[in-house]
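Notes follow the structure.
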Amino acid sequence: MSEHELRVSKIRNGTVIDHVSGGQALNVLAILGIDGEAGESVSLGINVPSDRLGKKDIVKVEDRELSQSEVDVLSLIAPEATINIVRDYEVADKLRVERPDFVTGVLSCPNRNCITQANEPVVSKFDVVDDGVRCTYCSTIVREDIADHLDVD
Amino acid sequence: MRHDHLISANQLTREDIEAVLDRAADIAENPAAFREQQAGSVLALCFFEPSTRTKMSFDTAMKRLGGDTTDMGSVESSSVKKGESLADTVRVIQGYADAIVLRHPSEGAAKMASEFADVPIVNAGDGAGQHPSQTLLDLFTIRENAGLDDLTIGIMGDLKYGRTVHSLASALTNFDARQHFISPESLRLPRSVRFDLHEEGAQVREHTDLDEVLSELDVLYVTRIQRERFPDENEYHKVAGEYQIDLDTLDAASDDLTVMHPLPRVDEIAPEIDETAYATYFEQAHNGVPVRMALLDSLLTHE
Ligand SMILES: [Zn+2]
């Protein structure tokens, strides 16, 4: 067994998210709402040496196939990520991370005076703009450290 | 206007703006012809922040169109005090009225309200966000006094929190306007507004000193710098004093300069300017009624 396979073992069915920017694996899980409570088996490689990225993270989630829209949200924190859908140990599908036009319910607005931060029945929504995201409600632009604004518990 | 709501000046095209301004000019010319235009319609005034002028201006506009208004009253006396959400307030009040004018202290409030309302929402100010009906009357005033094309305008004061500034700057990108922004470093335009201006390819420059650009201006739009933006009284007086104008300041200005202000002013414009040909701020305030008549009429008739 090679060194690489030792780090994160093969899965039978599920999704492999590779080439995640180093240190972002836990944020990937947070965005996808994966906390292990549903009983899924998750394995992580954090800061694995990578030719392309220097250091990368790998996330493997068993028995769950990510949708294109879930994958697109990952583009905000892991633009280089590659996603393989695995069925019966074989790569059945490869999904490309594409920047979505907007994301809902994923980020919370850093502007404390934004209506989405008040006690209102409204879900946060951000338009994805060049090198950042922008609150659809108050127009606040977030460029740096988008992962700091993840709205997940 | 083809819009269901008026939330932000960003949504307005040159065509939208000109249609409202043309209608406002017709109204100003012959108000009697519009006296029955909205007979039977009711406009709800929902002001979650104190405002006398904007509210009176909308109230008068609706009544001069033959319509009526219903006022939510002050926040202290309303259900909001009991913890009702804005979303619920809007869902209830839309059953009482054909359109809602909303002022609210949170940015994005009008946008959210429009998602819960089947009647037109007019944003009359959302925190430090937008104030697009003010912009329409500002544009009307600029068009009457200086023209909207080949315009050089200086916008001065609190550019960071000034919602009238944000809306005006955005709307001016529809015209051939060179915009100069004059403010202390700490109150320059927010990133989101600069982003939009950049996206629109607007001709924009920022200054800390009015003298750098005063002589080139056709219009000088002055806004108030509020005390609460500064940590202490001394700092406020020192900074705000540099952005106040009097007759001496205007020595370097063109004789045709139009001086505007969304009012109320405190001491940004010395009273000695009031009697000069520069002063256009009272005319600007008066334009609020015909312009809001035109706006309400077009939203209520969907044209
Ligand atoms: Zn926001």
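Treat the numbers as computed from the prediction; the structure is a model and nothing was measured. Letters go in sequence order (proteins before strands), and every chain restarts at 1.
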Report summary line: Residues at least two apart in sequence or cross-chain that pass salt bridge (Lys or Arg N to Asp or Glu O under 4.0 Å) with B:R178, listed by chain then number, are B:D150
Query raised in the report: Looking at B:G108, B:P190, B:A87, B:G83, which one has more heavy-atom pairs under 4.5 Å with chain A than the rest?
Result: B:G108
Requested in this report: Decide yes or no for B:V119 and B:I100: does some side-chain heavy atom of the first lie under 4.5 Å from some side-chain heavy atom of the second?
Outcome: yes
Query raised in the report: For B:D158, does its backbone N or O pair with a side-chain atom of B:T223 as donor and acceptor, under 3.5 Å?
Result: yes
Requested in this report: Would you confirm whether B:N174, through its side chain, and B:L12, through its main-chain N or O, come within 3.5 Å as a donor-acceptor pair?
Outcome: yes
Requested in this report: With the side chain counted from C-beta on, respond yes when B:D59 and B:V101 share a heavy-atom pair under 4.5 Å apart, and no when they do not.
Outcome: no
Report summary line: Cut-off 4.5 Å, heavy atoms of chain A, and the answer for B:P105 is backbone
Query raised in the report: Backbone N or O of B:A169 within a donor-acceptor pair of the B:Q179 side chain at under 3.5 Å?
Result: yes
Query raised in the report: Does the side chain of B:C46 come within less than 4.5 Å of B:I93's, by heavy atoms?
Result: yes
Write out the donor-acceptor pairs between chain B and chain A under 3.5 angstrom, atom names and distance to 0.1.
residue	atom	partner	partner atom	Å
B:L86	N	A:E120	OE1	3.0
B:L86	N	A:E120	OE2	2.6
B:A87	N	A:E120	OE1	3.0
B:P105	O	A:N113	ND2	3.0
B:E107	N	A:N113	O	3.0
B:E107	O	A:I115	N	2.8
B:E107	OE1	A:N111	ND2	2.7
B:E107	OE2	A:N113	ND2	2.7
B:E115	OE1	A:Y137	OH	2.7
B:E115	OE2	A:Y137	OH	2.9
B:R191	NH2	A:I141	O	3.3
B:S192	O	A:R134	NH2	3.0
B:D196	OD1	A:R134	NH1	2.8
B:D196	OD1	A:R134	NH2	3.3
B:D196	OD2	A:R134	NH2	3.0

